[in-house]
Amino acid sequence: MGKNIYRLIFVIAILFANQKMVLAQYSLLEADKQYELYNFNKAIDLYELAYKKKPSLHAAERLAQAYGYQNDYKQTESWYAIAAGMPNTNPNNILQYAKALQQNAKYAEAKEQYQKYAQLDKSVAAKQQSLWILSCDSARLWMKNPTAVTITNEKKLNTSQSDWGATVYGNSIVFSSDRGNKTEDQTSDSRPFLKFDGAKKPDRVIYGWTGNHYLRLYGKNKNQDNIFNFDINANTDYHVGPASFNKDGNEVFFTLTRIPKKPVYEKGKLATVNIEIYTSKKDADGKWATPVPFKYNNVNEYSVGDPFITADGNRLYFVSNMPNGTGGTDIYVSERTDTGDWGLPVNLKEINTEGNERTPIFDSENNFYFSTDGRIGMGGLDIFKTHLIGGKIAQPVNLGYPTNSPQDDFAYLKTSPLTGYLSSNRTDGLGDDDIYSFTEQQILAFRLSGTVFYKKSNLPLVNAIVSLLKVNGQTLKVQTDETGKFKFNLDKESDYNLTGEKTNYRSDLTTVTTNNLTASTEIKKDLYLEKIELDKAIKLENIYYDFDRSNIRPDAAVALDKLVKILKDNPTIWIELGSHTDSRGNDQYNQWLSQSRANSAVQYIIDRGINKNRITAKGYGETMLLNKCPNGIKCSEAEHQLNRRTEFKITKQ
């Protein structure tokens with residue numbers, strides 16, 4: 001009978017393992033389908049479930065790519081780190097890991113990964129290698145010496161979705177947003193192009209790429225707080241915006257996506273709906289006429305977008321990936337002829353690179369601003385400035401930090417010599433893309449300095465990332481030097497959050513204030529980071545349950561709230577939460593009770609906003625006692641209490 005029991009247990013174990021494998025394979029197949037349809041929100045959830053059941057290079061790569069498409073830089077870095085470190089990984093994962101590190105301001109680590117990739121792929125041109133290395137070195141220098149510019153999140157314009165492309169129209173600010181609302185079930189980030197399969201058209205309400213609505217044009221009067229729908233009949237269910245107006249405000253150019261009557265499909269591939277430019281003029285009643293397409297739209301061949309019409313209405317600048325360009329998307333200009341028609345687009349070859357150029361804009365002083373990821377920059381799109389002199393274009397100059405960030409910065413618009421707007425998906429914003437205002441000539445009053453230490457050894461940490469977030473203001477970042485030190489300039493009468501982070505370490509957070517300081521002062525603040533050790537049990541103190549119960553008591557909630565904070569401060573880590581009992585009572589019952597308690601604790605954490613895929617409940621019963629108090633051994637209450645514990649261990653960084 002004993003052998004049969006062991007055989008039964010063995011068979012059950014095999015069945016359970018096979019079931020997990022089947023579930024993992026099913027999740028992967030479904031995830032692949034959603035990924036190929038560009039429904040990244042659904043794909044991410046399924047890939048995480050599959051990876052949780054059975055870690056694989058394919059799932060890790062796809063998670064890194066999907067999070068990358070959604071501009072979630074921390075998750076992108078985490079998954080590329082995993083993919084790049086797995087056996088038989090593709091060298092491209094190392095390249096993408098380097099880019100993710102760069103977009104998280106980890107320039108020293110990014111530089112190492114770029115050099116590692118270049119050693120593996122001998123076909124990488126010396127020019128490209130130089131661009132990567134110079135970008136990492138330059139970004140560190142810019143962050144160490146920020147320009148006198150204050151960047152402020154325009155919270156009255158922004159939402160938790162994507163808001164970008166602010167422009168001036170009369171006494172209003174007009175911009176694009178995928179916020180959607182109850183009365184208009186449409187509206188999302190237009191930088192990706194719209195793709196769909198041949199079976200059905202894309203959802204008319206939700207854009208699967210982001211899980212948000214589609215982009216629409218919105219406006220806000222400068223003297224009022226309410227946001228209104230910008231009244232223009234674009235005649236599409238999909239993306240609309242951003243827009244550009246001539247000086248008189250009676251002509252507007254904007255981008256949109258529409259489904260053509262006969263989309264072009266390639267066998268086994270998705271159809272691509274390219275972006276187009278449309279224009280509208282005001283009629284005699286002051287209403288916008290039916291929009292008409294730009295002459296050089298070609299929806300089945302390439303995209304045209306990011307229109308900027310000059311004040312006199314005679315030149316239209318835009319970006320396109322039309323054939324024979326320099327790189328991804330290039331900047332073009334088209335002149336309006338005497339007949340009102342548009343002349344052939346001219347490629348601005350002095351500006352365009354092998355990368356992507358975006359959002360061309362002039363200011364009133366004939367300065368030309370654009371964004372690109374093809375020049376020496378901080379990561380993603382950086383804003384550059386040039387000038388047209390006698391028909392020639394001056395050498396473009398990077399606007400530096402904090403105008404640029406390690407993420408995408410674009411749609412730079414000057415509204416006066418010292419102020420204006422830009423768009424960015426930099427971290428610590430309200431949503432994906434946010435609209436920011438900028439003001440030059442910042443007055444600095446105080447200084448903050450400190451050191452980042454490894455908490456266990458009290459030794460300084462080199463190349464840690466320190467972020468200074470001004471409450472209701474901008475965020476500045478810097479890397480610690482070879483002695484672990486950092487410094488910032490502070491404004492008077494301001495509150496700040498100071499955060500330190502480093503790869504393979506848990507972050508640390510503290511606060512700083514200059515309120516009530518009346519004299520020039522240097523404030524000292526140090527940060528202490530704990531190293532992440534995978535699968536090491538960490539006891540949660542004061543997690544107690546009533547006898548024979550699994551519900552969360554108020555005193556236990558306090559300790560669990562600390563764990564919630566750890567998970568929110570470190571958004572890429574996954575954990576297992578384990579519950580243990582002492583040896584008293586029935587073994588099977590103890591196993592069931594510990595699992596119920598673990599489930600309750602996990603549900604408590606999920607209810608506070610932590611993604612369910614990041615945490616696993618595990619009941620251990622009495623199988624992992626910390627002392628010699630198994631069944632039948634007389635022990636004190638204190639000894640039994642030592643075994644009744646709740647622990648967590650980090651399973652993924």
Inset, instruction - Look at the side chain of Asp434 and the backbone N and O of Gly429, then say whether any donor-acceptor pair between them is shorter than 3.5 Å. - result: no
Inset, instruction - Mark yes or no for whether Thr480, through its side chain, and Ala464, through its backbone, hold a donor-acceptor pair below 3.5 Å. - result: yes
Inset, instruction - Using a strict cut-off of less than 4.0 Å between a Lys/Arg side-chain nitrogen and an Asp/Glu carboxylate oxygen, indicate whether Arg447 and Glu522 qualify as a salt bridge. - result: no
Legend entry - Geometric cation-pi criterion, Arg62 with Tyr35: 6.0 Å, 45°: yes
Legend entry - Distance-only donor-acceptor check, side chains Tyr436 and Asn158, under 3.5 Å: no
Inset, instruction - Answer yes or no: is there an ion pair linking Lys470 with Asp495, defined by an N-O contact shorter than 4.0 Å? - result: no
Legend entry - Donor-acceptor pair, side chain of Thr89 and main chain of Gly85, under 3.5 angstrom: no
Inset, instruction - Report yes or no: does Tyr604 contribute a side-chain atom to a donor-acceptor pair with the main-chain N or O of Asn551 at less than 3.5 Å? - result: no
Legend entry - N/O donor-acceptor pair under 3.5 Å between Lys99 side chain and Tyr114 backbone: no
Inset, instruction - Return yes when atom CD of Glu637 has more than 12 non-hydrogen atoms of other residues, nucleotides or ligands closer than 6.0 Å, and no otherwise. - result: yes
Inset, instruction - Using a strict 4.0 Å threshold on nitrogen-to-oxygen distance, state whether Glu77 and Lys106 make a salt bridge. - result: yes
Legend entry - CA sep, side-chain torsions, deciding dist, call: Asn93, Tyr97, side-chain hydrogen bond (donor to acceptor under 3.5 Å, both in side chains): CA-CA 6 Å; Asn93 290 329; Tyr97 179 39; over 6 Å; no
Inset, instruction - Look at the side chain of Ser78 and the backbone N and O of Lys74, then say whether any donor-acceptor pair between them is shorter than 3.5 Å. - result: no
Inset, instruction - Output yes when Asp569 and Lys565 qualify as a salt bridge under the 4.0 Å nitrogen-oxygen rule, no when they do not. - result: yes
Inset, instruction - Would you check if there is a donor-acceptor pair between the side chains of Glu109 and Thr503 at a distance under 3.5 Å? - result: yes
Legend entry - Pairwise distance CZ(Phe446) to CG(Leu490) - rounded to 0.5 angstrom: 8.5 Å
Inset, instruction - Go through the side-chain N and O atoms of Gln34 and Asn41 and say whether any donor and acceptor fall under 3.5 Å apart. - result: no
Inset, instruction - Establish, from distance only, whether the side-chain atoms of Gln407 and Arg426 form a donor-acceptor pair under 3.5 Å. - result: no
Inset, instruction - Kindly determine whether Ser437 and Glu154 satisfy side-chain hydrogen bond (donor to acceptor under 3.5 Å, both in side chains), including the steps that lead there. - result: CA-CA 6 Å; Ser437 62; Glu154 288 297 308; 2.7 Å; yes
Legend entry - Distance (rounded to the nearest 0.5 Å) between Phe384 CZ and Leu399 CG: 8.5 Å
Inset, instruction - Would you check if the side chain of Arg614 reaches a backbone N or O of Leu567 as a donor-acceptor pair within less than 3.5 Å? - result: yes
Legend entry - Quiz item: cation-pi between Lys652 and Trp79, 6.0 Å / 45°: yes
Legend entry - Gln603 side chain to Asp607 side chain, donor-acceptor N/O pair below 3.5 angstrom: yes
Inset, instruction - Looking only at non-hydrogen atoms, find the nearest pair between Asp178 and Ser162 and report the distance. - result: OD1-N, 2.7 Å
Inset, instruction - Say whether, by atom type as modelled, one donor and one acceptor occur between the side chain of Ser371 and the main chain of Thr359 under 3.5 angstrom. - result: no
Inset, instruction - Provide the closest heavy-atom pair for Leu57 versus Asn88 in the form atom of the first, atom of the second, distance. - result: CD2-O, 3.8 Å
Legend entry - Short side-chain donor-acceptor distance under 3.5 Å, Asn472 and Lys155: yes
Inset, instruction - Using a strict 4.0 Å threshold on nitrogen-to-oxygen distance, state whether Lys618 and Glu576 make a salt bridge. - result: no
Inset, instruction - Please check if the distance between the ring centroids of Phe438 and Tyr412 is under 6.0 Å. - result: yes
Inset, instruction - Determine, using ring centers only, whether Tyr454 and Tyr505 are less than 6.0 Å apart. - result: yes
Inset, instruction - Verify side-chain contact (heavy atoms from CB on, under 4.5 Å) between Arg179 and Asp163, making sure each step is shown before the conclusion. - result: CA-CA 8 Å; Arg179 63 190 63 198; Asp163 308 277; 2.7 Å; yes
Inset, instruction - Mark yes or no for whether Lys52, through its side chain, and Asn613, through its backbone, hold a donor-acceptor pair below 3.5 Å. - result: yes
Inset, instruction - May I ask you to check whether Lys477 and Ser467 show a side-chain donor-acceptor distance below 3.5 Å? - result: yes
Legend entry - Sole residue of Asn425, Asn104, Thr427 in side-chain hydrogen bond (donor to acceptor under 3.5 Å, both in side chains) with Tyr73: Asn425
Inset, instruction - Ignoring hydrogens and angles, tell me if any N or O in the side chain of Asn398 forms a donor-acceptor pair with the backbone of Ile376 under 3.5 Å. - result: yes
Legend entry - Atom NZ of Lys539 with >12 non-hydrogen neighbours under 6.0 angstrom: yes
Inset, instruction - Considering only NZ, NE, NH1 and NH2 on the basic side and carboxylate oxygens on the acidic side, decide whether Lys612 and Asp45 come within less than 4.0 Å. - result: yes
Inset, instruction - Verify whether the ring centers belonging to Trp142 and Tyr401 lie closer than 6.0 Å. - result: no
Inset, instruction - Inspect the contact between Asp382 and Arg375 and indicate whether a charged nitrogen and a carboxylate oxygen are less than 4.0 angstrom apart. - result: no
Inset, instruction - Start with the C-alpha distance between Tyr620 and Glu647, add both sets of side-chain angles, then the distance that settles side-chain hydrogen bond (donor to acceptor under 3.5 Å, both in side chains), and finish with yes or no. - result: CA-CA 11 Å; Tyr620 286 94; Glu647 299 173 334; over 6 Å; no
Inset, instruction - Give a yes or no on whether a salt bridge exists between Arg644 and Glu622, defined as a side-chain N under 4.0 angstrom from a carboxylate O. - result: no
Inset, instruction - Measure centre to centre between the rings of Phe40 and Tyr38, then say whether the value is under 6.0 Å. - result: yes
Legend entry - Atom pair CG (Asp408) and CZ (Phe410), whose distance is rounded to the nearest 0.5 Å: 6.5 Å
